[in-house]
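I have placed the structure first, in the form of structure tokens, so that the comments after it can refer back to it.
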Protein chains: 2
Amino acid sequence: MNDRTTAGPDGTTARPGRPLRRDAAENRERLLRAAWEVFAEVGQDAGVEEIAHRAGVGMGTLYRRFPTKDALLTALSDEILDTVLQRARELAEAHADGKGLEQVLTYIGSVLASHHGCLTRLWQAVPPTADTRRAELWSLLAGLLEEAQHGGEVRGDLTLSDVYLAVLSLRGIVDDTAGRAPEVWRRHLCVILAGFRPSDRALEHPPADDALVHAAVATPAARRSAAR
Amino acid sequence: MNDRTTAGPDGTTARPGRPLRRDAAENRERLLRAAWEVFAEVGQDAGVEEIAHRAGVGMGTLYRRFPTKDALLTALSDEILDTVLQRARELAEAHADGKGLEQVLTYIGSVLASHHGCLTRLWQAVPPTADTRRAELWSLLAGLLEEAQHGGEVRGDLTLSDVYLAVLSLRGIVDDTAGRAPEVWRRHLCVILAGFRPSDRALEHPPADDALVHAAVATPAARRSAAR
DNA sequence: GGCCAACCGGAGATGTGACTCCGCATACCG
DNA sequence: CGGTATGCGGAGTCACATCTCCGGTTGGCC
């Protein structure tokens, strides 16, 4: 314990207490890339051995870089979150006309589709490190929602948690159909977006509390990983 | 092998080759009920021991009644399917005005919500025994869809696979939110139903092939269970 | 009541997958 | 170029979950 004096407790992100040796850094990348592939193909319960093998390293290396399988998963989803966040910023800027929400949701869908399996975690609980980025993503989406409502693209009684539910919905569909029909999520997103548009008929059920979104951002321990 | 002469290979349904002894039949029921509870609470990867314990029987009994954990899961989802099918028939009859689709989807949502965890299987591949019931459910939904379209409740370019996607969508949401906000699926269903209603703007993405639904009914082996 | 097939319990056998340990190799510093 | 901290591989450990086996028990029929 208390190895905070060494090169870095690592585990989630490359924090430069001292930079990793060249080969070590390279292997870290290789591992992340392999994990990315394997999790996308097999799903979250892919074997750790397969990942190490595909990265061309031994088990020891994997576990020195990521102290636990969970940490690997987390590091990976953090990386993806960065990508998503960056692209979301771009899209938000390029579509200030109220279409931004639609664009970002479509992008998120495509990310889910290409990494189905390793992304459950992205929309669930997370270690505190990532909180700020996650919060930024949601506040960005909140802004886009407001813009879309202002521009008359989206009905006024929609809330951020409805957007959150839309994402969960896409994840569920991707999970079940990625193998046999990898593009159907787009169709369903069209249906949801149609449901988002203004209408004279009110939504019958009251909106969920936005705490739903914030809980997803801040919950201390992953529900699902506890159940295993 | 070839024990077809005995009281019944069992495993999926109580098929009376010879009726089970009273205590055996009772234990079978107890096991199903316990499995129902435990799977609903913990999810699909709940331990078998917990189920046996809660049913008040030993492991041996469990495995004599259901030759495999998978068989237990299947028997359970078959039972639930029966319930759903029966209620769906009633609802379809009671709402011949085009509102039937909405009613049945709401009912399915509530079933998903009360048994999140043991129901993945219901909407996935299944052993051939259940095929006819599954097919009936979908043809029933197809009828309701047509009725709803005829009555102007639902847009004309909607297909059965869109209904299927709606169900998958609900499942995804229930899976992630059952713990902290067990009713939000209703809100999302409202959004989907709003998207189902007629509109002057066409859905941008083409509908999925209805083979998607039929594949879900007839696929020989469960994808997910193969991945484990 | 007596007999036997059917049934019961629960302690292991078996298999799987996460994680560790340690002798050897390699990059970096002077 | 030599010394050492850092990193590497992969066989072995450990924990856990599913499934089997068998000595003892029980329900149902004569």
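Throughout, protein chains are lettered first and strands after them, A, B, ... in sequence-line order, and every chain is numbered starting at 1.
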- Task: Give the rounded distance in Å between these two atoms: CG of B/Leu62 and P of C/dG9.
- Result: 11 Å
- Query: To the nearest angstrom, how far is A/Gln44 atom CD from C/dG17 atom P?
  - Reply: 15 Å
- Item | Rounded interatomic separation in angstrom, taking CZ from A/Arg30 and C1' from D/dG7 | 14 Å
- Between B/Arg171 and A/Asp175, is there a side-chain N and carboxylate O pair less than 4.0 Å apart? no
- Item | By salt bridge (charged side-chain N to carboxylate O under 4.0 Å, His left out) - contacts of A/Glu37 (at least two apart) | A/Arg54
- Message: Which nucleotide wins on minimum distance to the side chain of A/Arg22, given the candidates C/dC28, C/dC19, D/dC19?
- Response: C/dC28
- Task: Report yes if a side-chain nitrogen or oxygen of B/Tyr63 is closer than 4.0 Å to either non-bridging phosphate oxygen (OP1 or OP2) of D/dC19; otherwise report no.
- Result: yes
- Message: Below the 4.0 Å mark, does D/dC19 have OP1 or OP2 next to a side-chain nitrogen or oxygen of B/Thr68?
- Response: yes
- Task: Provide, to the nearest angstrom, the distance between the CD atom belonging to A/Glu50 and the C1' atom belonging to C/dC19.
- Result: 18 Å
- Query: Run the salt bridge (Lys or Arg N to Asp or Glu O under 4.0 Å) check on A/Arg22 and A/Glu26 step by step: do they pass?
  - Reply: CA-CA 6 Å; A/Arg22 200 176 37 232; A/Glu26 196 172 304; 5.7 Å; no
Just the table, please: protein N/O against nucleotides 8-10 of chain D N/O, every pair under 3.5 Å.
from	atom 1	to	atom 2	distance (Å)
D/dC8	OP1	A/Asn27	ND2	2.5
D/dC8	OP2	A/Arg64	NH1	3.0
D/dC8	OP2	A/Arg65	NH2	3.4
D/dG9	OP2	A/Gly58	N	3.0
D/dG9	OP2	A/Thr61	OG1	2.5
D/dG10	N7	A/Met59	N	3.4
D/dG10	N7	A/Gly60	N	3.3
D/dG10	O6	A/Gly60	N	3.1

- Between C/dT26 (C1') and A/Glu26 (CD): distance, integer Å: 13 Å
- Query: For the residue pair A/Tyr164 and A/Trp138, does the interplanar ring angle fall in the parallel (under 30°), tilted (30 to 60°) or perpendicular (over 60°) class?
  - Reply: perpendicular
- Starting from P on D/dC16, measure out to CG on B/Asp45 and report it in whole angstrom. 15 Å
- Message: Can you tell me which residue among B/Arg134, B/Arg133, B/Arg89 is in a salt bridge (Lys or Arg N to Asp or Glu O under 4.0 Å) with B/Asp82?
- Response: B/Arg133
- Query: Roughly how many Å is it from CD in B/Glu49 to P in D/dT20, rounded to a whole number?
  - Reply: 15 Å
- Item | Nucleotide D/dA11, atom P - distance to NE2 of A/His53 in whole Å | 13 Å
- Item | Side-chain heavy-atom pair A/Leu170, A/Ile108 within 4.5 angstrom cut-off | no
- Distance, nearest 0.5 Å, that separates CZ of B/Arg33 from CD of B/Glu79: 8.5 Å
